[in-house]
Amino acid sequence: MAKIDFKKQFAKATAQAFQTVYPDIFKKQGEEQVFDNEFIYENLEKPKDPQLGRFAFPVFRYAKLLNDNPNEIAAKIAHKNNQLIKNTSESVPFEAVATGGFINAKINAEIEAQQTLEEILTKSSEYGSSKKGKGHKILVEYSSPNIAKPFGIGHLRTTILGNSLRRIFRKLGYEAIGINYLGDWGTQFGKMIVAYKKWGKKNKNTVADLYDLYVKIHREAEQDNKLNDEARAAFKKLEDGDKEITALWEYFKTISWAEFERIYNLMDIEFDWVTGESFLNDKMEQVIDRLKEAKLTSISEGALIVELDDPQLPPCLLKKADGATLYATRDLAGLLYRWDKYKFDEALYVVGSAQAVHFKQVFKVIDLLEKAENIPENNRIDGRAKHIDFGWVKFGDKMMSTRQGNIIFLEDVINKAVALAKEKIKEKNPDLKNIEETALTIGVGAVIFSQLSVRRQKDVNFDWNEVLNFEGETGPYLQYTHARLCSLIRNYHEEIVSDINYSLLHNEEEKRIIEHLSDFPELVHEAAKNYEPNFIATYLLKLSGAFNKFYQRKKEDGKIDKIISDDKELTSARMALVKAVQIILKEGLYLLGIKAPEEM
RNA sequence: GCCCCCGUAGCUCAGUAGGAUAGAGCGUCGGUUUCCUAAACCGCAGGUCGCAGGUUCGAUUCCUGCCGGGGGUACCA
């Protein structure tokens, strides 16, 4: 059976109906396109109440044009629509129903159920995958913690967002390359070196020790300006390749990376390329030369700058008055390097919104450079690089700031969440085999989900009670639902097949679930288009809610209408649905970076 | 000063390329289990969608102004 695209069929039939009912509409110059099936397809929406139908088309806009009132238009079109569809197909895919000024399409639920479940059970986790991105390269830079600073929850958001985006784009066939761009260079290392020489322990330093030094020197420097001078001098030495200073810097890096790696392993965060700002040390001068040759640079107050022809943007600083480079210089060199190396279609920077101006400057400089060098438009970076910004993580109404020491260590958060998960398991499922591993999965799942349950650009409050809550709209809730589904599959000792009696899945609860399942592919596209993993998080909550409702539905006698019953035909139909939900829930969680336990 | 983001139920958030009575979770109160995992489900209560205009058949959604919160605004990242 060829797959029916209900949406397209409905749009097409509606367009035809318009032309049949109002044959003179084409006499109106310039209005034709609003009656063609593409326009209608694009303007289809979901009815508020799913009982009204699967798609809806509002006709208010036509009232003036057709000189008729919306209710009449909807009624006439719906009527004609039904006539047309009955004449053209054997099995009726949908029924058009006029409600007010809307034409609602009640689609044939049995056909949709069959199409959807057959496809999911056949493709399994590949359902919703596509080849859309085939041949396209997309770089995703995320996490990028700073050496010598602890991995705080401030870095949690970029890490989780980027990791998820990488997986989402891969699902759509893109070659997505995750980049961890470590903050391993810059004047703060001058401060670190001075602090370490003054107060540091000789051995067995942890990141926490280094961080104490970092906070201390920031405080001291506020009182004593000489420290800042010393720090600048130290950083200059580092840039000049001083042996002793470089060894210290390497030492800081080793300590830090050990901690970062431990956290990435705990959280199952993946990268394809781990690099750092220092990687660009020998690549900045050539970029500066290019900019000079393009006559874009100038000296202002002793600093080397690029003036941007935008009154909204301050000039981009390439070199400070003391000759040291800045992070914009490094990002410029980095972007040009990545362009040479990858020829990407898109380069995403998953970085907090505080750096919006910085990225605007960097992208603007690139734009000016490419124009000045007359690079052909199809070979330009311009427009391909994007700042994927996100809001702050606040704690007790304060912004997290590593400089002020107002920070929560991510590892503490994970440890607490895992410990709590362990407690819950012992309380609820003490016989569980791999308690340690499951507790880790759940604890980490809770932490990850806490960052994805809010839209990117909003600030999030870090609230222990919320992160450590495993009930309601949380990661563990989704995981629990998944475990439940797996439990059903275990208890059903027969093979799950898609060759079932689809008419048995006719109740509202089952229909809602199938509708959600059928929406999944489009949803993944939307998430990618908006760089917004939260779409998937919200979707999974709805899917899980719909399933749990079905799972605990009661019969008329007040008892649970069990999925596995003596009615073999019914059970086999329901189990096909169960399996499909399990597949999608697991896949959706994977896209968020969360593991789906089979038992918990 | 200028620029950007945010302002939806007591709290945390969905909903926004305009559309049909604005939805969840947490918290309060009440109910459901001789157990297909109650980390669940059902119900009650809770809203001038910051305020005021404008565009529109229709605005939480778009535009303007204002109020409130946050961020940014050349030698930090």
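The sequence lines fix the lettering, A, B, ..., with proteins before strands; numbering per chain opens at 1.
Of the residues in residues 555-563 of chain A, A/I560, A/K562, A/I563 come within less than 4.0 Å of RNA chain B through at least one heavy atom, sorted by number.
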Sequence neighbours left out, cut at 3.5 Å: what donor-acceptor pairs do the side chains of residues 304-312 of chain A make with other protein atoms?
| unit_1 | atom_1 | unit_2 | atom_2 | d |
| --- | --- | --- | --- | --- |
| A/D309 | OD1 | A/K364 | NZ | 3.4 |
| A/D310 | OD1 | A/Q312 | N | 2.8 |

N/O-N/O pairs, protein side and nucleotides 44-48 of chain B side, under 3.5 Å:
none

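Between A/R157 and A/D459 no salt bridge is recorded (no basic side-chain N to carboxylate O distance below 4.0 Å).
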Original post:
Tell me, what's RNA chain B's dot-bracket, Watson-Crick or G-U with both distances under 3.5 Å, | for other-strand, [ ] crossing?
Top reply: (((((((..((((.....[...))))..((((.......))))......(((((..]....))))))))))))....

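Between the side chain of A/S300 and the base of B/A74, a donor-acceptor pair under 3.5 Å is found.
A/E569 is linked by a side chain to side chain contact (heavy atoms under 4.5 Å, CB included) to A/N501, A/L504, A/D567, counting only residues two or more places apart in sequence or in another chain.
Proximity note for A/W392 (side chain, C-beta onward) versus B/A77, B/G71, B/A74: the nearest is B/G71.
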Original post:
In the 5'-to-3' direction, what one-character label does each nucleotide of nucleotides 14-22 of chain B receive under the scheme B = base within less than 4.0 Å of a protein heavy atom, S = sugar-phosphate only, - = no such atom?
Top reply: SS-B-BB--

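Checked by atom type, the side-chain pair A/Y477/A/N548 shows a donor-acceptor distance below 3.5 Å.
Other residues, nucleotides and ligands contribute only 12 or fewer heavy atoms inside 6.0 Å of the NZ atom of A/K568.
Taking the ring axis of A/Y41 as reference, the NZ or CZ atom of A/K7 stays within 45° of it and closer than 6.0 Å to the ring centre.
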